[in-house]
Amino acid sequence: VQSWLCQQNVVLFTRLALCHSFLAKIPCIHLLDVMINETSLLLALFPIICNLFGSITQTPDRYLAARTLALWASVAKECSTANISLTEALHPDGKIMSDLLQFVWILWEDPVNGIRQQCESIFMDIIATYKVLDSSTSEKYLLSLLKCLLDMKKCTR
């Protein structure tokens with residue numbers, strides 16, 4: 001599966017649609033049980049989606065990429081309630097959550113309304129996931145997010 005998703009000769013849209021289909025149709029338990037290079041399918045899909053997003057230039061495909069990333073964030077939130085092993089992978093200081101937040105900050109002002117809506121969805125799922133995984137320090141995390149928002153230019157907020 002991973003080799004097919006990463007092949008350069010397969011159309012970007014096709015690879016993105018396949019990632020979206022996996023997330024939409026495969027239950028959490030299987031996304032966590034199926035392993036690709038010792039990583040669960042859920043976690044293995046994240047860098048693939050990010051790489052595809054970075055390669056896409058056309059607006060309809062960018063919207064689908066944003067939608068797929070938002071679906072990934074939603075599924076990760078759902079899976080985190082069922083599997084405590086995701087705590088380390090989805091920790092707010094970790095690479096995945098940092099990358100997700102980076103997408104939100106970059107795309108927050110995208111001219112396409114649908115992409116901005118997906119950013120909002122991703123942002124809400126990041127907060128909800130963190131509250132599920134570490135409710136004891138969620139206030140500290142929310143304050144650090146607020147500080148990030150306040151440090152941004154006024155027009156970006």
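All of these numbers come straight from a predicted model, not from anything done at the bench.
- A donor-acceptor distance shorter than 3.5 angstrom exists from the side chain of Asp110 to the backbone of Val112, with no hydrogens or angles considered.
- Considering every non-hydrogen atom in both Gln118 and Ala70, the closest pair reads OE1-CB, 3.2 Å.
- The two residues Arg62 and Thr57 make their nearest non-hydrogen contact at CD-O, 3.7 Å.
- The hydrophobic cluster containing Leu32 does not contain Met35, counting ILVMFWY residues as joined when their side-chain heavy atoms lie under 4.5 angstrom apart, directly or transitively.
- Both Leu100 and Ile106 are assigned to one and the same hydrophobic cluster, defined by single-linkage of ILVMFWY side chains at heavy-atom distances under 4.5 Å.
- The shortest side-chain heavy-atom distance between Leu52 and Asp61 does not fall under the 4.5 Å cut-off.
- Rounding to the nearest 0.5 Å places CD1 of Ile115 at 10.0 Å from CG of Leu64.
- Within the 4.5 Å cutoff, no side-chain heavy atoms of Phe13 are placed close to those of Pro60.
- Of all the heavy atoms in Phe53 and Ala65, the pair that sits closest is CD1-CB, 3.1 Å.
- For the atom pair CD1 (Ile122) and OG1 (Thr129), the distance works out to 11.5 Å, reported to the nearest 0.5 Å.
- Closest heavy-atom contact between Ala89 and Leu43: CB-CD1, 3.6 Å.
- To the nearest 0.5 Å, atoms CZ (Phe22) and CG (Leu18) are separated by 4.0 Å.
- Nearest heavy atoms, Leu45 versus Cys19: CD2-SG, 3.8 Å.
- Checking side-chain atoms of Ser80 against main-chain N and O of Lys77 turns up a donor-acceptor pair under 3.5 Å.
- Ring geometry for Phe123 against Trp108 counts as perpendicular: the plane angle is over 60°, on a 0 to 90° scale with 30° as the lower cut.
- Put simply, the side chain of Ser40 does not reach to within 4.5 Å of the side chain of Leu31, judged on heavy atoms.
- The aromatic rings of Trp72 and Phe46 sit tilted, their planes meeting at an angle between 30° and 60°.
- A pairwise comparison of heavy atoms in Cys28 and Val75 identifies SG-O, 3.9 Å as the closest pair.
- Between the side chain of Arg116 and the main chain of Glu109, no donor-acceptor pair closer than 3.5 Å is present.
- Rounded to the nearest 0.5 Å, atoms OG (Ser74) and CZ (Arg67) are 8.0 Å apart.
- The structure places NZ of Lys25 at 14.5 Å from NE2 of His30, a figure rounded to the nearest 0.5 Å.
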Verify side chain to side chain contact (heavy atoms under 4.5 Å, CB included) between Leu23 and Ile49, making sure each step is shown before the conclusion.
CA-CA 11 Å; Leu23 293 168; Ile49 296 167; 3.9 Å; yes

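- Note that CG of Leu42 and CG of Leu90 are 7.0 Å apart. Values are rounded to the nearest 0.5 Å.
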